[in-house]
Amino acid sequence: MTQLYLFREKQRIAEPMNDMAAGLSDDDLRTIGDTIAALPAPLSDTRGDPARMERAQGLVAKHQCGSCHNADFSGHDQIPRIRAQREEYLVAALKGYKSNTRAGYDPAMSEVAQPLSDEEILDLAYYMAHQ
Ligand code: HEC
């Protein structure tokens, strides 16, 4: 719901979602958010390349991703699920936070992503997509 709100208010620019959300009421945002949240959690191929998985695990511990996103990365409240999301989407999201082209509803992810190198972002996205 928060993400739809950011699209509607053009606080997060991601066409075509800004146009799609433009005419939605607060009730619409709630209904769509509830509907999507009730879908079954995605399944993923958990057999990631061991070397990449291990590298990413070190980054996850260092940056404490689980302290906000839950230890199993399932998220809670306004903190999104990041496990088993599409790898390309995760890369785009992390790069967007790092370059400040993707605004969050709070600055947490922008701060988390600043010190990450491009290679670390690829490893983290790979790891999350293989949970
Ligand atoms: C201090 C809390 C905090 C920490 C630590 C944190 N996150 Fe986040 N994360 C958030 C919040 C809050 C959002 C939602 C921000 C928004 O509105 O876009 C988010 C969003 C994301 C998203 C976007 C998900 C989506 O569906 O659009 C990704 C990917 C992500 N985080 C990955 C990570 C990774 C990887 C780490 C560790 C390197 C991490 N986060 C550490 C709080 C945190």
Side-chain angles (χ1 to χ4, degrees):
M1 197 187 133
T2 306
Q3 175 133 230
L4 289 167
Y5 174 84
L6 294 174
F7 290 142
R8 186 185 72 185
E9 303 301 316
K10 294 199 165 54
Q11 291 178 20
R12 175 172 293 166
I13 304 301
E15 289 303 346
M17 283 313 299
N18 300 109
D19 285 346
M20 303 287 272
L24 300 176
S25 67
D26 287 350
D27 277 347
D28 292 337
L29 299 190
R30 207 165 289 122
T31 304
I32 296 170
D34 285 350
T35 305
I36 294 172
L39 293 173
L43 294 173
S44 63
D45 178 358
T46 54
R47 294 161 304 170
D49 169 57
R52 286 192 85 181
M53 296 297 270
E54 202 181 310
R55 270 206 312 267
Q57 230 156 13
L59 294 169
V60 167
K62 181 176 168 194
H63 297 283
Q64 299 181 322
C65 312
S67 69
C68 294
H69 289 277
N70 282 357
D72 66 354
F73 315 112
S74 56
H76 60 93
D77 304 308
Q78 302 101 314
I79 312 281
R81 165 189 299 277
I82 51 175
R83 65 176 292 144
Q85 282 213 53
R86 298 179 67 86
E87 190 175 341
E88 296 86 344
Y89 175 82
L90 292 166
V91 171
L94 290 170
K95 285 190 171 169
Y97 289 128
K98 182 177 163 78
S99 63
N100 283 320
T101 51
R102 174 180 171 137
Y105 67 86
D106 75 21
M109 277 313 295
S110 174
E111 283 165 23
V112 169
Q114 285 320 306
L116 299 176
S117 68
D118 284 353
E119 198 191 0
E120 289 174 333
I121 285 177
L122 295 181
D123 280 343
L124 281 165
Y126 181 85
Y127 178 85
M128 293 302 168
H130 285 84
Q131 294 300 303

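Atoms within each ligand, like the ligands themselves, are counted from 1 in listed order. Positions are given from 1 along the sequence.
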As an exercise, identify every atom of ligand 1 less than 4.0 angstrom from a heavy atom of [X].
| X | value |
| --- | --- |
| Gln64 | 5 (C) |
| Arg12 | 16 (C), 17 (O), 18 (O) |
| Ile82 | 22 (C), 24 (C), 28 (C), 29 (C), 30 (C), 32 (C), 33 (C) |
| Gly104 | 16 (C), 17 (O), 18 (O) |
| Leu94 | 32 (C) |
| Ile79 | 12 (C) |

For the residue pair Arg12 and Gln3, establish whether any side-chain heavy-atom pair is separated by less than 4.5 Å. yes

Check: Pro115 and His63 side chains under 4.5 Å, non-hydrogen atoms: yes

Arg8 with Asp26: basic N within carboxylate O range, under 4.0 Å: yes

Measure the distance from [atom] to every protein heavy atom, then report the residue, atom name and distance (to 0.1 Å) of the closest one.
| atom | result |
| --- | --- |
| atom 24 (C) of ligand 1 | Pro80 CG, 3.7 Å |
| atom 33 (C) of ligand 1 | Met109 CE, 3.3 Å |
| atom 29 (C) of ligand 1 | Leu90 CD2, 3.5 Å |
| atom 31 (N) of ligand 1 | His69 NE2, 2.9 Å |
| atom 25 (C) of ligand 1 | Tyr89 OH, 3.3 Å |
| atom 37 (C) of ligand 1 | Cys65 SG, 1.9 Å |

Can you tell me how far apart SG (Cys65) and CZ (Arg83) are? Round to the nearest 0.5 Å. 14.0 Å

Which atom names give the shortest non-hydrogen contact between Val91 and Ala125, and what distance separates them? CG2-CB, 3.4 Å

Under 2.8 Å from atom 8 (Fe) of ligand 1 - does any N, O or S atom of Cys68 fall there? no

Could you confirm whether Tyr97 has any N/O/S atom lying under 2.8 Å from atom 8 (Fe) of ligand 1? no

Side-chain donor-acceptor pair under 3.5 Å between Arg52 and Tyr126, yes or no? no

Distance alone, cut at 3.5 Å: any donor-acceptor contact between the side chains of Ser25 and Asp28? yes

Output, in order, the C-alpha distance, side-chain angles, deciding distance and verdict of side chain to side chain contact (heavy atoms under 4.5 Å, CB included) for Leu122 and Asp118. CA-CA 6 Å; Leu122 295 181; Asp118 284 353; 5.7 Å; no

Under 4.0 Å, heavy-atom basis, I'd like to know which part of [X] is in contact with ligand 1: side chain, backbone, both or neither.
| X | value |
| --- | --- |
| His63 | both |
| Asp106 | side chain |
| Leu59 | neither |

Crowded around Glu15 CD? As in, over 12 foreign heavy atoms under 6.0 Å? yes

Within the side chain of [X], is there an N or O that forms a donor-acceptor pair under 3.5 Å with the backbone of [Y]?
| X | Y | value |
| --- | --- | --- |
| Ser67 | Gln64 | yes |
| Lys98 | Leu116 | yes |
| Tyr127 | Glu54 | no |

Say whether Arg102 and ligand 1 are in contact under the criterion: heavy-atom distance to a ligand atom below 4.0 Å. yes

N/O to N/O below 3.5 Å, does that happen between Gln85 and ligand 1? yes

